[in-house]
Amino acid sequence: MGGNAHWIPASWLIGGLVIGVSLLGFRLALPLNKKKKRPIRVYMDGCFDMMHYGHCNALRQARALGDQLVVGVVSDAEITCNKGPPVTPLKERMIMVSAVKWVDEVIPDAPYAITEDFMRKLFDEYNIDYIIHGDDPCVLPDGTDAYALAKKAGRYKQIKRTEGVSSTDIVGRMLLCVRERSTADSPKHSSLQRQFSHGHSHKSEDGSTGSGTRISHFLPTSRRIVQFSNSKGPGPDARIIYIDGAFDLFHAGHVEILRLARGLGDFLLVGIHTDQTVSGKRGSHRPIMNLHERSLSVLACRYADEVIIGAPREVSKDMITTFNISLVVHGSVAEDNDFQKDKANPYAIPISMGIFELLESPLDITTSTIIKRILSNHEAYQVWPLLFLELKEL
């Protein structure tokens, strides 16, 4: 029995040694075969001037090609040299890009063209694996490809450009809207519209076409809305904050008020007013972007958890109950801040319930601010010389 007592531990000891050696061998092999993967970091740059849902979709596609997306925002000086002065300064463009939910890191003052030195900096300092750009050509003033070096290095990947929207198109829509306030339609005017806008006029109930804003034909598919949407809803005890508005020409002022609103609760629900509601309050020349375009821009913002596409202007008791809204907020800087003087105050019910708060807007920017900037620097902006040539003939 004593022999057995010695034998059993010995057998277990031998087995243990065998297992230990096997495990040791496994552990030695693990760093070679099962090495933890480093996240794939991709880089995309751009001017991101008058940022729109097309820019956001490009960033979404770029992020899908890696694990982390680093975005370079081109400096004001570089944009001025290559394209003319930007409508939105670097500070505002940085706010816009940083707020896109697919962006992990932002590099300010990026060069317009990727030089050898900057590319090396991307690879060595920022650990970038691939440089991303859309399938539309990016040609420098000297006629060369801005991404030639990245392609030569074998570190270039391409995404599909979002059709139906561009900064030039949006500028065209703005200019047409401004012009329509004082000029009737004419054949020359129609020619101008076709050149600078993919849009159409609002139609009245009798089917006639008025001189309202030219808004895009763009209609999103359910797939695109899902791509931009968040997958999670509010928790059972979530404090839900509600903010609504037009969010036309989505800009840094919008982003900052959404950031402020989101910080007041656990879930931010954003109501996007219909085109008809916006036109009724701000004139037939508005909105510049249609309901679906405005909704996608807000959905792309990391501070918005969910949107109501086509929200009513009046916040009703039924709406507050249905969405379990804890607080309704509105920014102090807005184009329709005369609501308190209106006989039909859209926030009358949340005010009476004691769940309304007017927030101090961090930035004094509205959609009209952006339009005024376009008008003020028209001579330098690239589309204006041709526009003025035609407008003078009207």
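Looking only at distances, a side-chain donor or acceptor of R155 sits under 3.5 Å from a matching main-chain atom of I128. When atom types are taken as modelled, the side chain of R282 and the backbone of P287 share no donor-acceptor pair closer than 3.5 angstrom. For the pair R302 (side chain) and V103 (backbone), a donor-acceptor distance under 3.5 Å is present. In this structure, the side chain of T322 does not engage the main chain of M319 through any donor-acceptor pair within 3.5 Å. The main-chain N or O of K160 is never found under 3.5 Å from a side-chain atom of D135 such that the two would form a donor-acceptor pair. Under the 3.5 Å distance criterion, the side-chain polar atoms of E293 are matched with a main-chain donor or acceptor of N290. The closest donor-acceptor contact from the side chain of K101 to the backbone of A304 lies at 3.5 Å or more, if one exists at all.
Relative orientation of the F250 and F247 rings is tilted, given thresholds of 30° and 60° on the angle between their planes. Using bins of under 30°, 30° to 60° and over 60° for the plane-to-plane angle, the ring pair H133/Y147 lands in the parallel bin. Relative orientation of the F48 and H55 rings is perpendicular, given thresholds of 30° and 60° on the angle between their planes.
For residues 111-124, the set of pairs meeting the side chain to side chain donor-acceptor pair (under 3.5 Å) definition, not counting sequence neighbours, is empty.
A salt bridge is absent between D248 and R286; no separation between the charged side-chain nitrogens and carboxylate oxygens falls under 4.0 Å.
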Exercise. Between F228 and W102, is a side-chain contact (heavy atoms from CB on, under 4.5 Å) present by the stated rule, with each step listed?
Worked result: CA-CA 10 Å; F228 273 56; W102 299 290; 3.9 Å; yes

